[in-house]
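Just passing along the structure, written as structure tokens.
The figures that follow rest on heavy atoms only: side chains count, while hydrogens, waters and symmetry mates do not. Ligands are counted one by one from 1 in listed order, and the atoms in each one are counted from 1 as well.
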Amino acid sequence: MANRALNFNAGPAALPLEVLQQAQEQFVDYHSAGMSIMEMSHRSAAFEQVNNETQALLRKLYGIPDSYYVLFLQGGASTQFSMVPMNLLQAGKPAAYVMTGSWASKALKEAKLIGETTIAASSESDKYNRIPDLSSIVVPENASYLHITSNETIEGTQFADYPNVPDNVPLVADMSSDILSRAVDINKFGLIYAGAQKNLGPSGVTIVIVRKDLVSDSLKHVPTMLRYDTHAATDSLYNTPPSFSVYMVNLTLKWIESKGGVEALEQYNRDKTKLIYDAIDLSGGFYRGFAQEGSRSAMNITFRLQTEELEKQFAKESEQQGFVGLKGHRSVGGLRASTYNAVPHENCKTLAEFMQDFQRRNG
Ligand SMILES: *Cc1c(COP(=O)(O)O)cnc(C)c1O
């Protein structure tokens, strides 16, 4: 088998080996077409089949009702920071944001360029080491929407439950780093968006799940490419789509299906991350988790050691042992293990053992 790194990258991140191998098999000659999927017209029957099947798989695996559009866009989640307010923020109706960390801050910054905003809750005073209590979230009755970041990739926090919103206030979620990692009631949301490169495939395609009644075809000043109705009306084929990325998401979704679907993955993720959280919690303070207990992420495990020297040494030794991507984001420091869907249980076990061994040698 290929020499595979112990990949804990935050994004782009590990893909299932089976998916990579299948893509490799089909890379040069896709289903005897005499060409790769990348060389085909996006109007061809073969690509249309991939596009339709990918959407159908996503609907089935995530339980997305017919009352929602599923769109495959470009520009990453960062473009959605602008597209959401451009399409949903109405004059005189503020967009409310829950401030949970680095990504929520970037989302708010873009919304402020478009219209009126308000902060519904914030954990900034705690350095974003927790998700605000749901009961502390204040949403104006006339809000255009409430925006949350379901998993803060950099701080390593995750909503355990989602906030309730007043009637007529859609809940909008940036799920870039936890989409399809656990079961979700889609009906709670007006709009969900996520770049694919953490849980669903390579970079290049952004998934948007949006309730049909929120998609307006009468926006006056929004450029064509930045309107949801443009892409909804054309099955995400208004212009040339990121066809190879969509194809890779297709293979990844089939892999998720083969693993028993989202519920099975949720359990798998919980079991594998417990190994690493246990290594932190049972270390007697040698490792300290960054996120408060009730806010811990199952996707990004952030932790610190007593000194920065020790953290540097941990990062260096881990690299020598074949681990990749454990250095924390520069804004938080410390260490971070990203444990997305495709990160194998056995790699998490190997990391937990390395942590215990490192502690024995340095504790
Ligand atoms: C990675 C990430 C983003 C940015 O995604 P891009 O595709 O690089 O624009 C936004 N939000 C969250 C929560 C992320 O993890």
Query raised in the report: Which residue and non-hydrogen atom of the protein lie closest to atom 9 (O) of ligand 1, and at what distance in Å?
Result: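 For atom 9 (O) of ligand 1, the nearest protein heavy atom comes out as S78 OG, 2.6 Å.
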Requested in this report: Please identify which atoms of ligand 1 are closer than 4.0 Å to at least one heavy atom of S177.
Outcome: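 Counting atoms of ligand 1 from 1, those under 4.0 Å from S177 are 13 (C), 15 (O).
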Query raised in the report: With V249, which of T54, V19, V50 fulfils side-chain contact (heavy atoms from CB on, under 4.5 Å)?
Result: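 Answer to the side-chain contact (heavy atoms from CB on, under 4.5 Å) test with V249 among T54, V19, V50: T54.
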Query raised in the report: Taking only heavy atoms of N151, which atoms of ligand 1 are found under 4.0 Å from at least one of them?
Result: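 By the 4.0 Å cutoff, the relevant atoms are 13 (C).
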Query raised in the report: Under 3.5 Å, is there a donor-acceptor pair between the side chain of S144 and the main chain of K93?
Result: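 Confirmed, S144 side chain pairs with K93 backbone.
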Query raised in the report: Can you tell me the protein heavy atom closest to atom 14 (C) of ligand 1 and the distance?
Result: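 So the nearest neighbour among protein heavy atoms is K198 NZ, 2.9 Å.
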Query - G195, any N or O under 3.5 Å of ligand 1 N or O - result: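 Looking only at distances, the answer is no, because the N/O contact criterion of under 3.5 Å is not met.
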Query - Test log, rule salt bridge (Lys or Arg N to Asp or Glu O under 4.0 Å), inputs K106 and E110 - result: CA-CA 7 Å; K106 288 197 165 154; E110 296 306 307; over 6 Å; no
Requested in this report: Examine the proximity of ligand 1 to F81 and report which part, side chain or backbone, both or neither, has a heavy atom under 4.0 Å away.
Outcome: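 Under 4.0 Å from ligand 1, F81 contributes side-chain atoms alone.
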Query - E53 bridged to K254 by N-O distance under 4.0 Å - result: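 Between K254 and E53 there is a salt bridge, with a charged N closer than 4.0 Å to a carboxylate O.
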Report task. May I ask which of D174, T153, I154 has a heavy atom nearer to atom 15 (O) of ligand 1 than the others do? Result ->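 Among D174, T153, I154, the closest heavy atom to atom 15 (O) of ligand 1 comes from T153.
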Query raised in the report: Nearest heavy atom to atom 6 (P) of ligand 1: which of Q197, Q74, E152 does it belong to?
Result: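 When every heavy atom of Q197, Q74, E152 is considered, Q197 comes closest to atom 6 (P) of ligand 1.
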Query raised in the report: Okay, side chain of T230, backbone of T224: is any donor-acceptor separation there less than 3.5 Å?
Result: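 Yes; at least one donor-acceptor contact below 3.5 Å.
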Report task. Output the distance between atom CE (M355) and atom CG (D278), rounded to the nearest 0.5 Å. Result ->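 Here the rounded value is 10.0 Å.
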Requested in this report: Rounded to the nearest 0.5 Å, what's the gap from CG on L57 to CG on N250? Could you check?
Outcome: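 Reported to 0.5 Å precision, the distance equals 6.0 Å.
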Query - Close-contact set for ligand 1 against S176 heavy atoms, below 4.0 Å - result: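 What qualifies from ligand 1 is 2 (C), 10 (C), 11 (N), 12 (C), 13 (C), 14 (C), 15 (O).
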Query raised in the report: Checking salt bridge (Lys or Arg N to Asp or Glu O under 4.0 Å) for the pair E308/K312: CA distance, chi angles, key distance, verdict?
Result: CA-CA 6 Å; E308 280 185 28; K312 274 203 194 104; 5.1 Å; no
**Report entry** For G76, atoms of ligand 1 separated by under 4.0 Å from a heavy atom
**Finding:**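 Going through ligand 1 atom by atom, the ones under 4.0 Å from G76 are 7 (O), 9 (O).
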Requested in this report: Below 4.0 angstrom from a heavy atom of A77, which ligand 1 atoms are there? Numbered from 1 as shown, please.
Outcome: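 Per the distance check, 3 (C), 4 (C), 5 (O), 6 (P), 7 (O), 9 (O), 10 (C).
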